Amino acid sequence: MEERKTLFDYMGQVFMIFGITMLILSFLDLIFGENAKEYSTMFSLGKEGIGVGTIFQFLLASVITVTLRALFFTDMLFRNMRVALRAAGMVISELLVIIVLVMVFGWFPVDEWLPWVMFFVSFGVCFVISLTVTVCRERMENRRMEEALERLRKRERRHMENDGE
């Protein structure tokens, strides 16, 4: 049975995604900031930091990501959809949202192919890392549940043996 999520659970997810995103963006800023200053609104301050506007844009992206996750991986909209289809729908939706954000906020020039290649490569890497972490976490949770079930069965067998005496 899935536990009910509260607003604080969703806020925690938003800020976790936002924090990781800001950490990655900060490293990219240190490495490419000066060279990308004129090229991208994300690096408008060069190595001096990340602009407040960009920070709020990435916070918005984090909120959208958590909202999509809630829509696709709870039974709010897709009750009978298989998990693989939900995951594919989420990935496609996330890609579309980021493409719109790139265009709206000018994160990089939309008429050049290299930024798009870099975007899709980084999205793919992040997707693979996220998928790997999710699969490992699910396996660990399943293993813990099986161990707990086995302990419960052993306890029940002992209880039945003691009652039979």
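These numbers were taken from a predicted model, which means no experiment stands behind them.
- Side-chain contact between Phe43 and Ile50: absent, with no pair of heavy atoms (C-beta onward) separated by less than 4.5 Å.
- To the nearest 0.5 Å, atom CE of residue Met42 and atom CZ of residue Phe105 are 12.5 Å apart.
- Comment: Glu34 engages Lys37 in a salt bridge, judged by a side-chain N to carboxylate O separation of less than 4.0 angstrom.
- Contact record, Pro109 with Pro115: O-CG, 4.0 Å, taken as the closest heavy-atom pair.
- Note: Asn142 CG to Met140 CE = 11.0 Å, rounded to the nearest 0.5 Å.
- Side chain of Ser40 to main chain of Ala36: no donor-acceptor pair is present (N/O by atom type, distance under 3.5 Å, no hydrogens or angles).
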Run Thr67 and Phe72 through side-chain contact (heavy atoms from CB on, under 4.5 Å) and show every step you take.
CA-CA 9 Å; Thr67 302; Phe72 279 98; over 6 Å; no
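- A heavy-atom distance below 4.5 Å is found between the side chains of Ile55 and Phe18.
- Side chains of Leu45 and Asp29 form no contact here, defined as non-hydrogen atoms less than 4.5 Å apart.
- Grouping the Ile, Leu, Val, Met, Phe, Trp and Tyr side chains by contacts below 4.5 angstrom, directly or via other members, places Leu101 apart from Met118.
- A 6.0 Å sphere centred on CD of Glu138 holds no more than 12 heavy atoms belonging to other residues, nucleotides or ligands.
- Following chains of ILVMFWY side-chain contacts shorter than 4.5 Å, one cannot reach Met11 starting from Met16, and the two form parts of different hydrophobic clusters.
- Note on Leu114 and Trp107: separate hydrophobic clusters, where clusters join Ile, Leu, Val, Met, Phe, Trp and Tyr whose side-chain heavy atoms are under 4.5 Å apart, directly or indirectly.
- Between Glu161 and Lys154 no salt bridge is recorded (no basic side-chain N to carboxylate O distance below 4.0 Å).
- Counting heavy atoms of neighbouring residues, nucleotides and ligands inside a 6.0 Å radius, atom CD of Glu112 exceeds 12 of them.
- Across Val66 and Gln13, no two heavy atoms sit closer than the pair CG1-OE1, 3.5 Å.
- Looking only at distances, no side-chain donor or acceptor of Ser62 sits under 3.5 Å from a matching main-chain atom of Phe15.
- Remark: Arg86 CZ is packed, more than 12 non-hydrogen atoms of other residues, nucleotides or ligands lying under 6.0 Å away.
- To the nearest 0.5 Å, atoms CD1 (Ile24) and OG (Ser122) are separated by 9.0 Å.
- A donor-acceptor pair under 3.5 Å links the side-chain atoms of Thr21 to the main chain of Ile17, judged by distance alone.
- Closest approach of Thr41 and Gly106 over heavy atoms only: OG1-O, 3.0 Å.
- The CZ atom of Arg82 sits 5.5 Å away from the CG atom of Leu85 when rounded to the nearest 0.5 Å.
- By the criterion of side-chain heavy atoms lying less than 4.5 angstrom apart, applied directly or through intervening Ile, Leu, Val, Met, Phe, Trp or Tyr residues, Phe58 is grouped together with Ile20 in one hydrophobic cluster.
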Start with the C-alpha gap between Glu141 and Arg137, add the side-chain angles, then the distance that decides, and say whether salt bridge (charged side-chain N to carboxylate O under 4.0 Å, His left out) holds. CA-CA 6 Å; Glu141 287 175 2; Arg137 188 173 120 201; 3.3 Å; yes
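- Distance alone, capped at 3.5 Å, places no donor-acceptor pair between the Asn35 side chain and the Phe32 backbone.
- Within a 6.0 Å sphere centred on CD of Glu150, heavy atoms belonging to other residues, nucleotides or ligands number more than 12.
- By the neighbour-count criterion of 12 heavy atoms within 6.0 Å, atom CZ of Phe123 is densely surrounded, having more than that number from other residues, nucleotides or ligands.
- Val63 and Val100 end up in the same hydrophobic cluster when Ile, Leu, Val, Met, Phe, Trp and Tyr side chains are linked at under 4.5 Å.
- Counting only distance, with no hydrogens or angles, the side chain of Trp116 and the backbone of Val110 share a donor-acceptor pair below 3.5 Å.
- Heavy atoms from other residues, nucleotides or ligands lying under 6.0 Å from CZ of Arg157 number more than 12.
- Within the 4.5 Å cutoff, the side chain of Ile98 has no heavy atoms near those of the Ile64 side chain.
- Counting only heavy atoms from C-beta outward, the side chains of Arg69 and Thr74 never approach each other to under 4.5 Å.
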